[in-house]
Amino acid sequence: MRNKDIKIGKTISEIQEGETFSLTEKISEREILLYLGLTTDDNPLFLQYDYVKEIGLKKPLVPTTLIFGIMTSTVSKYLPGPGSNVVNVTFNISEKIFRGDTLKFDFEVIKIDTNKDLVTINVEVTRGDMRVGDAILLVTPPGENEIVIEE
């Protein structure tokens, strides 16, 4: 049961193959420090300018799971939207992603399985003209028959 004022995303019958959504995010130091503080991850690849310069990098890297978090939150907010649940992920980072990079995330629904109540979403992550990552997300969209309660 849910309150009638709570907005849910698209149900499986409302989603169409080929549907897209794009998002551009600048990965700032603030987001990285918030993530690292929450996870207590102190990997010098993400924090230490001296260390990364010593190993030949120009800036600290962005944690892979932070990029993954942007993808899953986009599913939760926009496609299919609130009430969705990511149940499986295949995720590849093909190029280093640095602090301060601006990334574009292109989402596309590539398959709908009404028997399993699953939507397959392809995600391409680019920095300018360069592809830096991709993912396949299996998502359970919000249910069709949720009971709405009046308050």
Side chain to side chain contact (heavy atoms under 4.5 Å, CB included) assessment of Leu36 paired with Asp42: CA-CA 7 Å; Leu36 295 173; Asp42 61 357; over 6 Å; no

Intermediate values then yes/no, side chain to side chain contact (heavy atoms under 4.5 Å, CB included), Leu33 and Leu47: CA-CA 8 Å; Leu33 293 175; Leu47 290 167; 4.1 Å; yes

side-chain hydrogen bond (donor to acceptor under 3.5 Å, both in side chains) assessment of Asp117 paired with Thr140: CA-CA 6 Å; Asp117 198 32; Thr140 302; 5.4 Å; no

Steps toward side chain to side chain contact (heavy atoms under 4.5 Å, CB included) verdict (Val62, Ile32): CA-CA 7 Å; Val62 174; Ile32 293 169; 3.9 Å; yes

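Contact annotation: the side chain of Val139 never approaches that of Val87 to less than 4.5 Å [non-hydrogen atoms, C-beta and beyond]. With contacts defined as side-chain heavy-atom distances shorter than 4.5 Å, the pair Pro60/Tyr49 qualifies. Asn88 has its side chain out of reach of Leu137: every pair of non-hydrogen atoms, C-beta onward, lies at least 4.5 Å apart. Within the 4.5 Å cutoff, the side chain of Ile70 has heavy atoms near those of the Phe105 side chain. With contacts defined as side-chain heavy-atom distances shorter than 4.5 Å, the pair Val119/Ile12 qualifies. Taking the side chain as every heavy atom from C-beta outward, Val89 and Ile136 never approach each other to under 4.5 Å.
Atom OG of residue Ser22 and atom OH of residue Tyr78 lie 12.0 Å apart, to the nearest 0.5 angstrom. Note that CG of Leu138 and OG1 of Thr90 are 7.5 Å apart. Values are rounded to the nearest 0.5 Å. Within the model, atoms CD1 of Ile55 and CG of Leu57 stand 4.5 Å from one another, a figure rounded to the nearest 0.5 Å. The structure places CG of Asn122 at 5.0 Å from CD1 of Ile110, a figure rounded to the nearest 0.5 Å. The distance from the CG atom of Leu61 to the CD1 atom of Ile97 is 9.0 Å, given to the nearest 0.5 Å. Between the CD1 atom in Ile8 and the OG atom in Ser84 there is a gap of 9.0 Å [rounded to 0.5 Å].
Put simply, Ile67 and Met130 are part of the same group of oily side chains (I, L, V, M, F, W, Y) that touch within less than 4.5 Å, one to the next. Hydrophobic clustering, with ILVMFWY side chains joined whenever heavy atoms are under 4.5 angstrom apart, groups Val123 together with Val86. Linking ILVMFWY residues whenever their side-chain heavy atoms come closer than 4.5 Å, directly or via other members, places Tyr35 and Val132 in the same cluster. Hydrophobic clustering of Ile, Leu, Val, Met, Phe, Trp and Tyr side chains at less than 4.5 Å, counting indirect connections, unites Phe98 with Phe68.
Between Lys59 and Val52 the shortest heavy-atom distance is C-CG2, 3.6 Å. Nearest heavy atom pair, residue Pro82 against residue Pro142, reads O-CG, 3.2 Å. Residues Ile27 and Leu66 approach most closely at CG2-CD2, 4.0 Å, considering heavy atoms. The shortest heavy-atom contact between Met71 and Phe91 is CE-CE1, 2.8 Å. Across all non-hydrogen atoms, the minimal contact from Gly143 to Thr11 is O-CG2, 3.6 Å. Across every non-hydrogen atom of Ile15 and Ile112, the tightest pair is O-CD1, 3.3 Å.
A salt bridge links Lys10 to Glu19: one of the charged nitrogens lies within less than 4.0 Å of a carboxylate oxygen. Look at Arg131 and Glu124 and you find a salt bridge, because one of the NZ, NE, NH1 or NH2 atoms lies within 4.0 Å of a carboxylate O, short of that distance.
Between the side chain of Asp101 and the backbone N or O of Leu103 there is no donor-acceptor pair closer than 3.5 Å. Side chain of Arg99 to main chain of Phe46: a donor-acceptor pair is present (N/O by atom type, distance under 3.5 Å, no hydrogens or angles). Arg127 places no side-chain N or O within donor-acceptor distance of the main-chain N or O of Lys104, the cut-off being under 3.5 Å.
The side chain to side chain donor-acceptor pair (under 3.5 Å) test applied to Asn92 returns Asp134, not counting sequence neighbours. With sequence neighbours left out, the side chain to side chain donor-acceptor pair (under 3.5 Å) criterion links Thr20 to no other residue.
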